[in-house]
J.: 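Structure in structure tokens, see below.
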Amino acid sequence: MILGSHVNFGTEQLLGATKQALSYGANTFMFYTGAPQNTIRKSLDESLTKEAQELMQNNGIDINNVICHAPYIINLANKTKAEAWNFSISFLKQEIKRVEALGVRYIVVHPGNFLQMEVRDALDAIAEALNYILSPSDSVMILLETMAGKGTECGRNMAEVKYILDHVTLKDKVGVCLDTCHLNDSGVDIADFDNYLNDFDKLIGIAKIKCIHLNDSKNPCGSHKDRHENIGLGTIGFANLLHVLDHEKLKDVPKILETPYVGEYAPYKYEIAMLKSKEFNPHLLEDIQSNK
Ligand code: FE
Ligand code: FE
Ligand code: ZN
């Protein structure tokens with residue numbers, strides 16, 4: 001299995017992220033190149049990148065499975081605010097260059113928020129923005145994340161994701177990231193994941209799925225909330241998440257945990273160990289809190 005979690009980029013950049021992933025027993029990871037909620041970015045330190053790549057190689061992390069996540073304040077949908085839309089486009093262009101310089105292949109992007117716009121116009125604006133951002137020489141693929149449908153989020157169902165993909169010119173530069181919490185909250189029953197996957201295959205194609213965010217959810221199916229829960233402690237449950245993780249058709253797809261901290265403690269080491277053992281740990285929260 002290819003399993004990791006969200007980690008911090010921090011002052012040691014990709015090297016710090018790699019060290020953190022290894023401390024969790026992970027063989028992949030996902031990072032933001034700075035704070036998720038802003039677009040302030042420090043320049044990359046090439047020697048740290050090289051050291052990180054060596055550390056990955058020596059410890060069984062294939063950099064092709066490592067994922068970057070774009071900050072969530074950019075909005076590719078809102079073309080009515082030209083300045084902000086143009087900023088989102090140029091920021092993502094630069095971010096792709098940064099990701100390329102790190103040797104990473106994938107960047108996850110939230111499609112955008114339609115706000116006061118017609119949904120169709122928003123989806124057109126997202127595709128148009130992607131057509132400005134992508135160029136044939138890019139080695140990085142943008143992964144559109146499936147969203148919970150909280151507020152005015154685009155990408156809250158398969159049809160919206162397909163619409164965007166259909167309107168992108170460089171089709172081999174765009175893929176999809178499934179988020180199990182978002183799917184649940186958008187109305188997909190993860191207990192019936194095979195059915196969803198079959199529908200996805202017919203409409204979009206399984207090969208487009210390049211990353212899975214493996215999260216439990218605090219809220220019932222269809223709640224449109226987007227609040228992640230620790231593995232096995234939410235409404236999706238351990239067995240259903242294990243089924244996604246172990247799925248034969250998705251075995252080459254990296255799975256990334258974005259579950260919440262418990263107090264000040266990261267849960268990832270414990271959740272990864274539990275998922276590897278394939279057995280629910282009823283003492284998960286205590287183990288995380290004792291940080292042993
Ligand atoms: Fe996300
Ligand atoms: Fe996610
Ligand atoms: Zn989320």
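Only heavy atoms go into these numbers, but all of them, side chains included; no hydrogens, no water, no symmetry mates. Small disclaimer: the values here were computed from a predicted structure and weren't measured. Order of listing sets the numbers, starting from 1, for every ligand and every atom in it.
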J.: Any Lys/Arg nitrogen of Lys50 or Glu54 sitting under 4.0 Å from an Asp/Glu carboxylate oxygen of the other?
T.: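 Here Lys50 does not pair with Glu54 in a salt bridge, since their nearest N and O are not under 4.0 Å apart.
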
J.: Parallel, tilted or perpendicular: which fits the ring planes of Phe31 and Phe9, with parallel below 30° and perpendicular above 60°?
T.: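 Ring orientation, 0 to 90° scale: parallel.
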
J.: Name whichever N, O or S atom of His213 ends up nearest to the Fe ion (ligand 2).
T.: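 The closest N, O or S atom of His213 to the Fe ion (ligand 2) is ND1.
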
J.: Here's a test for you: under side chain to side chain contact (heavy atoms under 4.5 Å, CB included), which of Ile126, Leu170, Val168 qualifies with Asn131?
T.: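 The residue from Ile126, Leu170, Val168 that satisfies side chain to side chain contact (heavy atoms under 4.5 Å, CB included) with Asn131 turns out to be Val168.
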
J.: Looking at His228, which of its N, O or S atoms is the nearest one to the Zn ion (ligand 3)?
T.: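 When I compare the N, O and S atoms of His228, NE2 is nearest to the Zn ion (ligand 3).
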
J.: Tell me which N, O or S atom of His182 sits nearest to the Zn ion (ligand 3).
T.: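 Of all N, O or S atoms belonging to His182, NE2 is the one nearest the Zn ion (ligand 3).
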
J.: Tell me which N, O or S atom of Glu258 sits nearest to the Fe ion (ligand 2).
T.: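 Restricting Glu258 to its N, O and S atoms, the minimum distance to the Fe ion (ligand 2) goes to OE1.
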
J.: Among the N, O or S atoms of Asp226, which one sits nearest to the Zn ion (ligand 3)?
T.: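 Closest to the Zn ion (ligand 3) among those atoms: OD1.
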
J.: Using 2.8 Å as the threshold, say whether any N, O or S atom from Glu145 sits that close to the Fe ion (ligand 1).
T.: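 Coordinating: yes.
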
J.: So that I can check it, does any N, O or S atom in Cys177 come closer than 2.8 Å to the Fe ion (ligand 1)?
T.: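 No, outside the cut-off.
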
J.: With a cut-off of 2.8 Å, does Asp179 place any N/O/S atom under that distance from the Zn ion (ligand 3)?
T.: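 So Asp179 does not count as coordinating the Zn ion (ligand 3).
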
J.: Which single N/O/S atom of Asp179 lies at minimum distance from the Fe ion (ligand 2)?
T.: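 Output for this pair reads OD2.
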
J.: Would you say the side-chain atoms of Gln13 and Thr49 include a donor-acceptor pair closer than 3.5 Å?
T.: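 On atom types as modelled, these side chains do not qualify, holding no pair under 3.5 Å.
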
J.: Would the His69 and His110 ring centres measure less than 6.0 Å apart?
T.: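 Ring centroids of His69 and His110 are less than 6.0 Å from each other.
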
J.: I'd like to check Asp194 versus His243 (side-chain heavy atoms, cut-off strictly below 4.5 Å). Are they in contact?
T.: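 Of all side-chain heavy-atom pairs linking His243 with Asp194, at least one is under 4.5 Å.
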
J.: Which value, rounded to 10°, describes the NE2(His69)-the Fe ion (ligand 1)-NE2(His110) angle?
T.: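 Here the angle at the metal atom is close to 90°, to 10°.
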
J.: Verify the ring-centre separation between His182 and His228: is it less than 6.0 angstrom?
T.: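 Yes, the ring centres sit under 6.0 Å apart.
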
